[in-house]
Amino acid sequence: MNQPVRRQGDMVHVAPDAMQRLVTEIFACAGCSRTEAERVATRLTGANLRGHDSHGIIRTPRYVQWIEDGRVVPDQSVRIESDTDTIAIVDGRYGFGQTVGEQTVDIGIEKAKRHGVAVTALRNAGHLGRIGDWAERAAAAGVASIHMVNVRGSLIVAPFGGVDRRGSTSPFCCGIPLAGEEPVILDFATSLVAEGKALVALRGGKPLPDGALVTPDGQLTSDPSPLYGEVAPGRYPDPNNGPGALTCFGMHKGSGLNFFMEMFAGALTGSGTSAGASDTERRRFCNGMLSIYMALEFFHSDDWFAREVKDYIAFWKSARPTEPGGEVLVPGEKERRTMAARRRDGLPLAPMTWDDIVATARRVGMDEAAIEQALGGRP
Ligand code: NAD
């Protein structure tokens, strides 16, 4: 892109590096060190680049609000609660997930490299963003990984067969490295759509699929508004406020997987489930994450694994498409293609999302000149 910001049709396109610089400045002005501001901006922009707008820069106003409310602590470091050769129980102490998630995954990688396998149990983490980032980080070190995540204090998903909110969007992610090639990464929320996708739809972006929500009277709908209810002027849409709920993907199977995210990421890590029957007040928001790491060299001393995986990928992709011109993809392939296109064409944003970012920049004290300087040109 020649200009940092370009309006095209009903969308705003922002060059990824310009977006990353602006979001870095916003977090630096909001109270993060420059290192952390860059880390958070890189992860958020990276989610947009990969097509996961729900976990990208749209989160900036909410993260800034969390700093202001004291719900997330800038420049925090994890505290190791328990440490063996293969298990680390880690308290994120409400630091930015982008920071404490990275620290925890690095502990897991290091243990797996020494002992073959490792488990990290992360509790009390700020929002960990796109979980695929953590499987990608492990894969870059030659480590296969599985990540199970819950969201304590977030009650926005109804279980299969139910109407009332009983859990969170609890993502599941796994990934394998592939010598000389991009890793294979599967990463999804166990709700039919991630909450951020409902937020994107509410802000005028991509519409939701049928049945993504259930209304309080049990009707399935694609309308995101039952999740948020009335949004007060000047406040950011809050999914805690609506009368409806998101649904789980895959009927009883996805609902069962969602339940087990609460067991592993919530109960086993010590972070806590999203809520409980005996609660008297809402639990404090955090992500819990249970991760398992396997260093490939402990399983195979030669390149057999990579050859077997590559051969299977070719077999998988050779399946005849259901539709003319269709194509069978492996996990992670869609994100890589989206990234190539968005590096070239910029990040497409609904105008309201872009306006929210600019308003947040002003709110943290950036004037027009500072915004223009961060973007590298006029917005
Ligand atoms: P999604 O429904 O877009 O599914 C993404 C996964 O499906 C990817 O692995 C992708 O490669 C694969 N995929 C997509 N299209 C495909 C196709 N045609 N063929 C084969 N594979 C395909 O993801 P989602 O449920 O909307 O989740 C979005 C993001 O939200 C994820 O990154 C997740 O980690 C994140 N999330 C985070 C939290 C949190 O609390 N931190 C909570 C929920 C979700």
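Indexing begins at 1, ligand by ligand and atom by atom, following the structure's order.
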Student: Just checking Q373: does its CD atom have more than 12 heavy atoms from other residues, nucleotides or ligands closer to it than 6.0 angstrom?
Tutor: no
Student: Using the ring-ring contact (aromatic ring centres under 6.0 Å, His included) criterion, which residues pair with H127? Sequence neighbours excluded.
Tutor: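 If we apply the ring-ring contact (aromatic ring centres under 6.0 Å, His included) test to H127, skipping adjacent residues, the hits are H55, Y63.
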Student: Write none if no such pair exists; otherwise list each N/O atom of ligand 1 with its protein N/O partner under 3.5 Å and the distance.
Tutor:
unit_1: ligand 1; atom_1: 3 (O); unit_2: K197; atom_2: NZ; d: 3.4
unit_1: ligand 1; atom_1: 9 (O); unit_2: I185; atom_2: O; d: 3.3
unit_1: ligand 1; atom_1: 9 (O); unit_2: D187; atom_2: N; d: 3.0
unit_1: ligand 1; atom_1: 11 (O); unit_2: G332; atom_2: N; d: 2.7
unit_1: ligand 1; atom_1: 11 (O); unit_2: E335; atom_2: OE1; d: 2.6
unit_1: ligand 1; atom_1: 11 (O); unit_2: E335; atom_2: OE2; d: 3.4
unit_1: ligand 1; atom_1: 25 (O); unit_2: A189; atom_2: N; d: 2.8
unit_1: ligand 1; atom_1: 26 (O); unit_2: K197; atom_2: NZ; d: 2.5
unit_1: ligand 1; atom_1: 30 (O); unit_2: H55; atom_2: ND1; d: 3.1
unit_1: ligand 1; atom_1: 30 (O); unit_2: H55; atom_2: NE2; d: 3.4
unit_1: ligand 1; atom_1: 32 (O); unit_2: D187; atom_2: OD2; d: 2.5
unit_1: ligand 1; atom_1: 34 (O); unit_2: I131; atom_2: N; d: 3.0
unit_1: ligand 1; atom_1: 34 (O); unit_2: D187; atom_2: OD1; d: 2.6
unit_1: ligand 1; atom_1: 34 (O); unit_2: D187; atom_2: OD2; d: 3.3
unit_1: ligand 1; atom_1: 36 (N); unit_2: H55; atom_2: NE2; d: 3.0
unit_1: ligand 1; atom_1: 40 (O); unit_2: N287; atom_2: OD1; d: 3.4
unit_1: ligand 1; atom_1: 40 (O); unit_2: N287; atom_2: ND2; d: 3.1
unit_1: ligand 1; atom_1: 41 (N); unit_2: H127; atom_2: NE2; d: 3.4
unit_1: ligand 1; atom_1: 41 (N); unit_2: G129; atom_2: O; d: 3.0
unit_1: ligand 1; atom_1: 41 (N); unit_2: N287; atom_2: OD1; d: 3.2

Student: Taking only residues at least two apart or on different chains, which pairs with a member in residues 350-379 satisfy ring-ring contact (aromatic ring centres under 6.0 Å, His included)?
Tutor: none
Student: Only one of R59, K206, R342 forms a salt bridge (Lys or Arg N to Asp or Glu O under 4.0 Å) with D53, so which one is it?
Tutor: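 It is R342, the one option of R59, K206, R342 that forms the salt bridge (Lys or Arg N to Asp or Glu O under 4.0 Å) with D53.
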Student: Taking side-chain contact (heavy atoms from CB on, under 4.5 Å) as the definition, give me every residue that meets it alongside A374, ordered by chain and number, with sequence neighbours left out.
Tutor: L22, E25, M366
Student: Within 45 degrees of the ring normal and closer than 6.0 Å to the centroid, is that where the cationic atom of R39 sits relative to F96?
Tutor: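 Negative - R39 is either too far from the ring of F96 or too far off its axis.
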